[in-house]
2 protein chains.
Amino acid sequence: MTTLNRPGAGDGRHICGIDAAMEVIGGKWKVLILWALHEHPRRRFGELRRLLPGVTEKVLASHLREMESDGVVRRVSYDEVPPRVEYSLTEDGERLNDALRPLAAWGRGRVSAGQAPGPSS
Amino acid sequence: MTTLNRPGAGDGRHICGIDAAMEVIGGKWKVLILWALHEHPRRRFGELRRLLPGVTEKVLASHLREMESDGVVRRVSYDEVPPRVEYSLTEDGERLNDALRPLAAWGRGRVSAGQAPGPSS
DNA sequence: CTGTATCCTGAGCGATACTG
DNA sequence: CAGTATCGCTCAGGATACAG
């Protein structure tokens, strides 16, 4: 289960529904994992790691586990040698990704307008 | 400036635009502040504090400062005694709130379906 | 190749007291 | 009323080594 430091986390009390979503996407790399798996379906662990420059194995693994238990990521393990595991989005994960589009558009808008935090002071 | 522990934070490198948005809403109470100011425009500091049960003065103040410098919250200080300050959303803040609606709907959907993290294991 | 097992750091947050 | 100032803590995340 995702246990993030958010209001209402753990006790199931969410004020407006966004909290519930924030718990799912609240990890540092989770929205990027969502995005990567949407753009590149059925990705292996190592491929995902390469798609997210800077993420460590430990964090990627734990994020994937949490997203799996949250029902947005599906993990398929092929019993081969060497081992092969493929990750993809569930239907709910795809819906979550769609729900993030307006937010991404909003973010892109202010990036191109130079209002995004970071570059300009 | 918002300095969250996110990929690309600080250097202005965002992969898909969601990162930029996540930096703005990444604080523990920020989406709730957004929501509260949308539902109850022109709120005073103390009122806001009462609208967000559990938030401390320090965190509320710092979040409001960051959101102000991110251009989503407007702070209007009336030069009176006792002091009066009113917070409201900027146009961009309202747009951000709109962009969060699909996400809230997604979260509500899984809350009512019992899939949200927290209540069920 | 696909992950655990440890250890560690620090940002983010909370509690409390205090100020104009 | 509307905040700062300080202190402390927790836990998400990073580094590295090891395992099946």
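In the text below, chain A, chain B and the rest are named by the order of the sequence lines, each starting its count at 1.
- Regarding A/F45, its CZ atom lies at a distance of 14 Å from the C1' atom of D/dA19, rounded to whole Å.
- Separating the CZ atom of B/R43 from the C1' atom of D/dC1 is a distance of 16 Å, rounded to the nearest angstrom.
- In this structure, A/I25 and A/L100 have side chains that are in contact, with non-hydrogen atoms separated by less than 4.5 Å.
- Heavy-atom nearest nucleotides on DNA chain C were determined for A/A61 and for A/P82, and the one closer to the 5' end corresponds to A/P82.
- Each of A/E57 and A/P83 lies near DNA chain D, and the nucleotide nearest A/E57 is the one positioned closer to the 5' end.
- When each of D/dG3, D/dG14, C/dG14 is scored by its nearest atom to the side-chain atoms of A/T56, the top-ranked nucleotide is D/dG14.
- Atom OG of A/S88 sits about 8.5 Å away from atom CD of A/E94, to the nearest 0.5 Å.
- Of the candidates D/dT6, D/dA2, C/dG3, the closest approach to any side-chain atom of B/K58 belongs to D/dT6.
- For the pair A/R65 and C/dG3, the criterion of a side-chain N or O lying under 4.0 Å from OP1 or OP2 is met.
- At least one side-chain nitrogen or oxygen of B/R44 sits closer than 4.0 Å to the OP1 or OP2 atom of D/dA2.
- Within 3.5 Å, no donor on the side chain of B/K28 pairs with an acceptor on the base of C/dG12, nor the reverse.
- Annotation for B/L34 and B/N97: closest pair O-ND2, 3.5 Å, computed over non-hydrogen atoms.
- For D/dC1, neither phosphate oxygen OP1 nor OP2 lies less than 4.0 angstrom from any side-chain nitrogen or oxygen of B/Y87.
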Show me, pair by pair, the donor-acceptor contacts under 3.5 angstrom made by side chains of residues 43-59 of chain B, not counting sequence neighbours?
from: B/R44; atom 1: NH2; to: B/P83; atom 2: O; distance (Å): 3.4
from: B/E47; atom 1: OE1; to: B/R44; atom 2: N; distance (Å): 2.8
from: B/T56; atom 1: OG1; to: B/V59; atom 2: N; distance (Å): 3.4

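- Distance NE2/A/H38 to CG/A/L96: 11.5 Å, rounded to 0.5 Å.
- For the pair A/R6 and C/dC13, the criterion of a side-chain N or O lying under 4.0 Å from OP1 or OP2 is not met.
- Straight-line distance from the CZ atom of B/R50 to the P atom of D/dC1: 7 Å, rounded to whole Å.
- Between the CG atom of B/L64 and the P atom of C/dG12 there is a distance of 17 Å, rounded to whole Å.
- Remark: P of C/dT2 and CD of A/E68 are 15 Å apart, rounded to the nearest angstrom.
- Considering only side-chain N and O atoms, A/H63 lies nowhere under 4.0 angstrom from the phosphate OP1 or OP2 of D/dA12.
- Rounded to an integer number of Å, the gap from CD of A/E86 to P of C/dG3 is 12 Å.
- Whole-Å rounding puts the B/D79 CG to D/dG3 P distance at 13 Å.
- Relative to the side chain of A/R75, the nucleotides D/dA15, D/dA2, C/dG3 differ in distance, and C/dG3 lies closest.
- Protein atom CD of A/E47 is 15 Å distant from nucleotide atom C1' of C/dG3, rounded to whole Å.
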